[in-house]
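Just so it is clear: chains get the letters A, B, ... in the order the sequence lines come, proteins before strands, and each one is counted from 1.
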Amino acid sequence: MALRLHNTLSGKVEDFQPLNDNKVGIYTCGLTVYGYAHIGNYRTFVFQDVLRRYLKYRGYEVNQVMNLTDVDDKTIKNAQAAGLDLREYTDKFIEAFEVDRELLNLETPERVPRATDHIDGMVKLIQKLIENGLAYSSEGSVYFRVANFKDYGKLSKMDLEGMRAGARVDSDEYDKADARDFVLWKAHKEGEPYWDTPLGRGRPGWHIECSVMSMQYLGETFDIHSGGADLVFPHHENEIAQSEGATGKPFVRYWLHAAHLIVNGEKMSKSLGNYYTLRDLIAKGFKPSAIRYLLASVPYRKQLNFTFDGLHQAQQSLDRLRNFRFRLRQEKFPEGESAELQARAQAALASFEKALDDNLNTAEALGAVFDLVREGNTAMDEGKFRDGDRAAFLKVLESWDRVFAVLEDNDFEKLRKFGFVKTVEGAVTVDAALVQDAATGTPADESYTAAVLAEALPDGEIEKQIAERNEARRRGDFARADQIRSQLAQAGVILEDTKSGTRWKRK
RNA sequence: GGCGCGGUACCCAAGUGGUAAGGGAGAGGUCUGCAAAACCUUUACGCGUGGGUUCGAUUCCCACCCGCGCCUCCA
């Protein structure tokens, strides 16, 4: 069965067929780097990563471009407020974004170009639009003449006449001939960064960078373009106008849009106090892998209601999967293999692929793997599981995780690597500066939960205590054994006695 | 007002014209020195409301109610 994806352009789920054999060109709208990215951004980025990973899983050769918009009103304003040069300011948040991406296991796209490195290309594209009669200058700025592009509105299904009638008063001080027109190049204003170009001194408008960078790296027509639902209009609509207006060719074949994340049923916003960056959640003790799991578990076209309860549930679900993998790897089973279980593993893999083929139905894909987990655990409990079944089951988990990328429990390593937590004299400290939400200036919650504190105990120390406890158990000194177990529990380490020995995990 | 998405158990959530996946949480049980993990049982006679089509609808059609998003800041 073929991969099917919902195309915003047609409003339908379509069979996916790349332009060139098995090569797929994808442009994913990245971040405007005016501050730390928030979890709403990451909902979209996780979706894009799942898409990317599944395309690879399906054998496609992926060429992904993710832009960084490092010049716009907000970046300029925030840089000025911070007393930094625009480049210095955006460098800082690009770096933070890279850290976040690694924490969330987002694969690095083939290219991550910055808008300000492509000014020349923007100028050329704008000149081409002027030549084609689709753009005009006014007071040193250049605007796109929407009325001259007949397909305008085809992506967002906007009613052009309605737009004209209902257009808001343009608060911008630039002069446009028509309220619907949008700016391609902004004339220089005192105190703002600028580039001297054949178009005059100024800076680019918001949408042009995406047209330029996508076509430069992926060609004038490419396969997939994606982003958050809010970008359908005006951003992507304008990109189509700019690109097709210049080339006369279809710009993008499949447009994919992720529904928004809301928090406790409300739109996330700073004024409501429900605005979270990844760092905010880390500061509250949540694991990046659990955050990724939550963001990936709801199919991308469905609005995701983020709650702390939901995040907790995600962590619990993830633990179940990890427990199963642990058992699969560690437990001893009789020789041989079970034809029935082998068939079940095959069926689970097929269900998983069928679910993702269906417009990336991650919730259903999750169901497929949990079914197998239960069946595997049952077989083990009943003594029906065979050593030869191990590989087949592990393969399903590994296949699943090639797309979900959450099973590896290495959150602490990463948090330590980036300095979010440090071990000082046996205790964990949190780097307050790093987990601070710079956008709001609010200091992060300094009380780390046991989830992260637990990570501080070195493995060797934990194992030493387990050995001591097991010795006590052998002596029948259960009081001592329970004391050790509860001490470890307080430090966030959970012990589990199994037939093949005591295992432990960090909570 | 226009365009769009959605309303499924305590929470998250899949899904089909033929009688409701999966996860979390709760309760009871098995196992365990006790736990944990795991397993079993249990929690929607019902899928926003009202009509309609049909032998039969949660699934199709119509109307209505509610939530959310977009309508040039926004992933």
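- By the 5.5 Å and 30° criteria, A:F478 is stacked with the base of B:G33.
- Counting distance only, with no hydrogens placed and no angle test, the side-chain atoms of A:D482 and the base atoms of B:G33 include a donor-acceptor pair under 3.5 Å.
- The residue A:L294 sits apart from the nucleic acid: no heavy atom pair falls under 4.0 Å.
- Residue A:Y34 is classed as a sugar-phosphate contact, given heavy-atom separations below 4.0 Å to backbone atoms only.
- Here B:C39 presents its C1' atom at 11 Å from CZ of A:R374, a figure rounded to the nearest Å.
- Counting non-hydrogen atoms of neighbouring residues, nucleotides and ligands closer than 6.0 angstrom, the CD atom of A:E471 exceeds 12 such neighbours.
- Taking 4.0 angstrom as the limit, A:N377 places none of its side-chain polar atoms (N or O) nearer than this to OP1 or OP2 of B:A37.
- Between B:G23 and A:R320, a contact under 4.0 Å exists linking OP1 or OP2 to a side-chain N or O.
- Nucleotide B:A35 holds its P atom 19 Å from the CD atom of A:Q483, rounded to whole Å.
- Looking at the side chain of A:D381, the nearest of the listed nucleotides B:A38, B:A75, B:G24 is B:A38.
- In this structure, the nucleotide among B:G22, B:G33, B:A37 sitting nearest to the side chain of A:R503 is B:A37.
- In this structure A:R145 satisfies the salt bridge (charged side-chain N to carboxylate O under 4.0 Å, His left out) test with no other residue, sequence neighbours excluded.
- Electrostatic pairing of A:K154 and A:E244 counts as a salt bridge here, judged by a charged N lying under 4.0 Å from a carboxylate O.
- Shown here are the side chain to side chain donor-acceptor pair (under 3.5 Å) partners of A:D100, two or more places apart in sequence or in another chain: A:Y42, A:R279.
- The nearest whole Å value for the distance from the CE atom in A:M268 to the P atom in B:C68 is 16 Å.
- Rounding to whole angstrom units, NE2 of residue A:H236 and C1' of B:C3 are separated by 18 Å.
- Rounded to whole Å, the P atom of B:C73 lies 35 Å from the corresponding atom of B:G15.
- Classification of A:R322 and A:D401 as a salt-bridged pair fails, no side-chain N sitting under 4.0 Å from a carboxylate O.
- Taking atom CG of A:L104 as the reference point, atom P of B:A75 lies 17 Å away to the nearest angstrom.
- Annotation: B:A25 and B:C10 have their C1' atoms spaced 7 Å apart (nearest Å).
- Look at A:R4 and A:E14 and you find no salt bridge, because none of the NZ, NE, NH1 or NH2 atoms lies under 4.0 Å from a carboxylate O.
- A gap of 28 Å separates the C1' atoms of B:C70 and B:C11, to the nearest Å.
- The list of salt bridge (Lys or Arg N to Asp or Glu O under 4.0 Å) pairs with a residue in residues 377-387 of chain A, not counting sequence neighbours, reads A:R327-A:D381, A:E382-A:K384, A:D387-A:R390.
- Residues from residues 40-54 of chain A lying near RNA chain B, meaning a heavy-atom separation below 4.0 Å, are A:G40, A:N41, A:T44 in numerical order.
- Partner assigned to B:G26 is B:U42, using Watson-Crick or G-U wobble distances below 3.5 angstrom.
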Next item on the list: Heavy atoms under 4.0 Å is the rule here; annotate nucleotides 4-9 of chain B 5' to 3' with B where the base is hit, S where only the sugar-phosphate is, and - elsewhere.
Entry: -S----
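- The side chain of A:R180 lies closest to B:U72 when the candidates are B:U72, B:A13, B:G24.
- Within the 4.0 angstrom heavy-atom criterion, no nucleotide atom of any strand lies near A:H312.
- The C1' atoms of B:U43 and B:G1 are separated by 44 Å, rounded to the nearest whole Å.
- Residue A:Y293 places none of its side-chain N or O atoms closer than 4.0 Å to OP1 or OP2 of B:G24.
- Across the P atoms, B:U58 and B:G50 are found 11 Å apart, a figure rounded to whole Å.
- Figure legend. B:A63 is base-paired to B:U49; pairs are counted as Watson-Crick or G-U wobble with both atom distances under 3.5 Å.
- One finds a side-chain N or O of A:Q316 lying less than 4.0 angstrom from the OP1 or OP2 phosphate oxygen of B:A25.
- Among the protein residues, A:R473 comes within range of the nucleic acid bases, having at least one heavy atom under 4.0 Å from a base atom.
- Stacking of the aromatic ring of A:H260 onto the base of B:A75 is found: the ring centres lie under 5.5 Å apart and the planes are inclined by under 30°.
- One interatomic measurement links the two molecules: CZ of A:F233 to P of B:G2, which rounds to 17 Å at whole-angstrom precision.
- Atom name C1', nucleotides B:C5 and B:U42: the rounded distance is 35 Å, in whole Å.
- Put simply, OH on A:Y152 is 12 Å from P on B:C71, counting in whole angstrom units.
- A cation-pi arrangement is found for A:R101 relative to A:F97, the charged atom lying closer than 6.0 Å to the ring centre and inside a 45° cone about the ring normal.
- Distance noted for atom P between B:C64 and B:G2: 11 Å (whole Å).
- Shown here is A:E461, whose CD atom has more than 12 heavy atoms of other residues, nucleotides or ligands within 6.0 Å.
- A:L231 comes within contact range of the sugar-phosphate backbone alone, with a heavy-atom separation under 4.0 Å but no base atom that close.
- Of the candidate nucleotides B:A14, B:A37, B:A21, B:A37 has the atom nearest to the side chain of A:N323.
- In this structure, of B:A37, B:G33, B:A38, it is B:G33 that holds the atom nearest to the side chain of A:D497.
- Across the P atoms, B:G22 and B:A44 are found 14 Å apart, a figure rounded to whole Å.
- A side chain to side chain contact (heavy atoms under 4.5 Å, CB included) with A:Y54 is found for exactly one of A:L356, A:V62, A:T362, A:D49, namely A:L356.
- In terms of phosphate contacts, A:K267 brings a side-chain nitrogen or oxygen within less than 4.0 Å of OP1 or OP2 of B:C70.
- Residues meeting the side chain to side chain donor-acceptor pair (under 3.5 Å) test with A:E468, sequence neighbours left out: A:R480.
- Listed pair A:W504 / B:A37 fails the phosphate criterion, with no side-chain N or O lying under 4.0 Å from OP1 or OP2.
- For A:E496, counting side-chain heavy atoms from C-beta on, the closest listed nucleotide (B:G24, B:G15, B:A36) is B:A36.
- Taking the side chain of A:D230 as heavy atoms from C-beta on, and the options B:C74, B:C39, B:G15, the nearest nucleotide is B:C74.
- Between A:F93 and A:Y36, the ring centre distance stays below 6.0 Å.
- Comparing atom distances between the A:A363 side chain and each of B:G33, B:A13, B:U72 picks out B:A13 as nearest.
- A salt bridge is defined here as a Lys NZ or Arg NE, NH1 or NH2 lying under 4.0 Å from an Asp or Glu carboxylate O, and A:D482 with A:R469 fails to meet this definition.
- Remark: B:U32 base-pairs with no nucleotide in the shown strands. Criterion, Watson-Crick or G-U wobble with two distances under 3.5 Å.
- Rounded to a whole Å, the CG atom of A:L311 is 14 Å from the P atom of B:C12.
- In this structure, A:R469 reaches the bases: a heavy-atom distance under 4.0 Å links it to at least one base atom across the strands shown.
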Note to self: Pair A:R473, A:D497 - check salt bridge (Lys or Arg N to Asp or Glu O under 4.0 Å), show working.
What the structure shows: CA-CA 11 Å; A:R473 289 172 73 208; A:D497 299 324; 3.3 Å; yes
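- When distances are taken from the side chain of A:R485 to each of B:A14, B:G22, B:C34, the shortest belongs to B:C34.
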